[in-house]
Every structure is written in C-alpha cells, then in structure tokens.
Amino acid sequence: MEIFKNIPTIKYEGPESKNPLAFKFYDSEKVVLGKKMSEHLPFAMAWWHNLGAAGTDMFGRDTADKSFGAQKGTMEHAKAKVDAGFEFMKKTGVKYFCFHDVDLVPEADDIKVTNARLDEISDYILEKMKGTDIKCLWGTANMFSNPRFMNGAGSTNSADVYCFAAAQIKKALDVTVKLGGKGYVFWGGREGYETLLNTDVKFELENIATLMHMAVDYGRSIGFKGDFYIEPKPKEPMKHQYDFDAATAIGFLRQYGLDKDFKLNIEANHATLAGHTFEHDLRISAINGMLGSIDANQGDYLLGWDTDEFPFDVYTATMCMLEVVRAGGLTGGFNFDAKNRRPSYTYEDMFEAYILGMDTFALGLLNAEKLIKDGRIDQFVKEKYASYSTGIGKKIREKKTTLAELAAIADDMGAPELPGSGKQEYLESVVNQVLFG
Ligand code: XLS
Ligand code: CA
Ligand code: CA
C-alpha cells in the first residue's frame, strides 16, 4: 500500500526547474572528479527523525502525523514505519538507513521481549531489502532516553545498568550484522557529567573504554568487519560530555587502545556546538586516519543547542566536501541526522527536506571540484610552507637538527623577515569567484 500518495519518485531536473519535488543539483549519475555523484555521496536516512520525530518540543506536542496508518507503540506501527521508510528511500534514491534499537520497535520493560520484537522487525526489514539496493549504513543502541541511563551507560555508577547497556549493545550489534550494516556508532548520549562534585571522571572513562572493548570483541566474534564509530558531541544532554570533539575522542581511543577498530562519525551540528567549524572536526579526523562517516545536518549560529536542521549552508557543505574529497572519501556515508522544523509537518515537507539536503551536498561537491581544479588555494598553502623544502627548513622536517643548531642560525640572522601574508581575504575572494563567477 502506497503511503506517500501523490509524491512521485524524485528525479533530477536541473537548476532551472521550479518543481519542488525534483532535484536541482543532485544528479546521481553525473561524474565528478572521476566518480559518480552517488558514489561520492552515499546518503542515509535517520530512522529516528524521519520516521519518528513528529514535531514535539518542550512547549508543545506533535504537529506531524507519523502513525503511517497504525496505532503508535505497536508492532503494526513498527512495520508501518518500515513500509514508509522503504517507500521514502526508493522515492528519494537514498540508499542507506541508520537506526537505534528503539527506533525500530517499541521498548518493553523486559529486554527479552524487546529483543524478540527486534528479531521480528529485522526479519521484516531484510525481506524489504530483497530486490532493492538499499543497505544499512550503521546501527546503534539508544542508551540515553530511558531513565535507567540518567547517570550514563558505560559511565553509570550502577553495575546493573551497565549490564543492561551491554545487553542493548550486544543486540544492536546482532541486528546491525544481520542487516549487513557497515558501521556501529557510539554516541555518548549520557556519558558525561553535570558536576564534578559527584563524579569520578577517571573511573567513568575506564568503564566506557571497557564496554567498548567488549563491544569490539563481541562484534568481531559474530563477523562484524565494519568500523565502530564514536560520534563526538560537547554538551547536551549532559553539561559536559566525554566525547567532546574529534581531538578529544581520538585521544580517548588511543589512550585505551581502541584506535584500530574505531573511527569517528562527525556531525556538523556537534562540531559547531564544540566551538569548531564542521570542516575543522573533519580535518582533525582525516589527518589522524579516523574520518569514517558524517551526520549531515546543521545547527543555528544564534542558538546554543542541537537543532538538527537539514543542511542548507552551501559554503559549509563546500568546505566539508573539500575535506572529504581530499581524504579520499568516506568509508561510511552521509546520514541526514536532521528533522523538519515543527511547522513543516506534511509528507511533502519530509521529501522537500531531503531534496534540500541532497542538493546542498551535491552543490558542495561540485564546488569542491571547482576549487580543486582552480588550484589557487592548494597552491597558496603549498607555497606558504616553502621555507621548509630546502636548507635548514628541510632539516627541521627531516628531524636532522637540534635546538643548538637552530639557535646558532638565529644568532647570525638579526631579526627574521616577516613570514609572509596569510592572504585570508584574497583566498576568501577566490572562493567567491570560483563559486559564483
Ligand atoms: C544526538 C545524536 C544521535 C546519534 C545517534 O544528538 O546525534 O542522534 O547520532 O545516537
Ligand atoms: Ca548524530
Ligand atoms: Ca545532533
């Protein structure tokens, strides 16, 4: 039964099109920098937002109807969400989905009941996947919504809650593997603290790492070959979250010997909450060999919280795609961890949001190609460090000098020449010229 009646399969119609239900820039077959757009941009649907979030906020109830014709909180509804999700992905051309355990089925008090429901729904999803090219990008366990996780999951003070978290991870890994998922995400939803007065930080970090090690051991034992990811986020819901940003998460993974099995899933809105640009956290991940996957959304620079908006900012998408292309692409994909604004409550809005997001990243990719082909920015950066390609600079790079030798050179130098202009304004005008010229 068709759920999104009157909504056609979304096609590429080009930049001149005025059809709200068509792509203006995302042309899946178009070859850019040697690969199809669809290969550069493996988009994913976030089960929780697209099929679950219905507009509830702190001040008001649902505006959107996401019952999809079934009674919410039932297995019929869980199946209706699968039907809606697959119809949505087929019509938009999105090839991947991401899920939390409790996005798929209603959670029961007894985990054995929840797990049986997960078995049933994953059979149903597998059946739906047959004959399509739709795949699972990553799975995860929701270890933040239920009150038992008020003091964290891996970082909880309760060994019983820790067991429960382990049980959820185990099952979420089973389902991820069953659905052929490429990755498994840890977002430390409640892994952090409100006040140091009641918190043993070292103890909590050690316990989180132990839980992750057990997850890796179990995942590998059942044949999971993909990447585990940490998704950094600095704050919200906890005042301080342990996986603050890319650099912090990388330090943690290395300290506890998890860096061979983990990469990072970088969310744009989380990077900006940490006081960074999106592209900063992508760069930090990439130079450490840990750029795995992306949660493609954007925040609001005027608001200090996680708004999970559909990406619209083409400059940011351009800088993102420059980082991704330079890193050689993602092993993961671009998950739209984004939700419609509360007054955008219709089925059309769901589709128009994905069209916006996919077109924004397509533009980002096209612009990245233009900037790379133009070459002026890359050339500038290369020349900026030219003093290290010969003479003493070369010796520094090769680690063949000493502090004493450098000091002797400085002694004979008088005042060094100024290091050369950073040319920021010029480079920014190059970006504008390449994008709009
Ligand atoms: C919340 C996070 C969450 C993760 C998956 O802020 O973005 O949705 O992506 O648990
Ligand atoms: Ca996310
Ligand atoms: Ca978010």
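First listed ligand is number 1; within each ligand, the first listed atom is number 1.
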Asker: I need the protein N, O or S atoms closer than 3.0 Å to the Ca ion (ligand 3), given as residue plus atom name.
Answerer: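 The answer, once waters are left aside, is Glu267 OE2, His270 NE2, Asp306 OD1, Asp306 OD2, Asp308 OD1.
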Asker: Parallel, tilted or perpendicular: which describes the rings of Phe144 and His100, with under 30° parallel and over 60° perpendicular?
Answerer: perpendicular
Asker: List the closest protein heavy-atom neighbour of atom 3 (C) of ligand 1: residue, atom name, distance to the nearest 0.1 Å.
Answerer: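 Heavy-atom neighbour on the protein nearest atom 3 (C) of ligand 1: Trp187 CE3, 3.7 Å.
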Asker: Which of the atoms of ligand 1 are close to Lys233, meaning less than 4.0 Å from one of its heavy atoms?
Answerer: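 Answer for ligand 1: 1 (C), 6 (O).
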Asker: Number the atoms of ligand 1 from 1 as they appear, then name those within less than 4.0 Å of a heavy atom of Glu267, with their elements.
Answerer: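 Close to Glu267: 7 (O).
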Asker: Looking only at non-hydrogen atoms, which of His49, Gln241, His100 approaches atom 10 (O) of ligand 1 most closely?
Answerer: His100
Asker: Side chains of Asp227 and Trp138: is there a donor and an acceptor less than 3.5 Å apart?
Answerer: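 The answer is no; no qualifying pair exists.
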Asker: Provide, to 0.1 Å, the distance between atom 4 (C) of ligand 1 and the closest protein heavy atom, together with that atom's residue and name.
Answerer: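 Ranking protein heavy atoms by distance from atom 4 (C) of ligand 1, first comes Glu231 OE1, 3.3 Å.
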Asker: Compute the centroid of each ring, for Tyr242 and then for Phe252, and state whether the two points are separated by less than 6.0 Å.
Answerer: no
Asker: Please check this pair: side chain of Lys35 against backbone of Leu33, looking for a donor-acceptor N/O pair closer than 3.5 Å.
Answerer: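 The answer is no, because no donor-acceptor pair under 3.5 Å joins these two groups.
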Asker: Do Lys135's NZ or CZ and the ring of Tyr96 fall within the cation-pi criteria of under 6.0 Å and 45°?
Answerer: yes
Asker: Checking Lys202 against Glu206 for the salt bridge (Lys or Arg N to Asp or Glu O under 4.0 Å) test, could you report, in this order, the C-alpha distance in whole Å, the side-chain angles of both residues, the deciding distance, and whether it holds?
Answerer: CA-CA 6 Å; Lys202 183 167 182 286; Glu206 287 169 0; 2.8 Å; yes
Asker: Taking both backbone and side-chain atoms of Asp295, is any N or O found less than 3.5 Å from an N or O belonging to ligand 1?
Answerer: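 Such a contact does occur with ligand 1.
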Asker: Do Trp138 and ligand 1 have an N or O pair less than 3.5 Å apart?
Answerer: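 Among all N and O atoms of Trp138, none is under 3.5 Å from an N or O of ligand 1.
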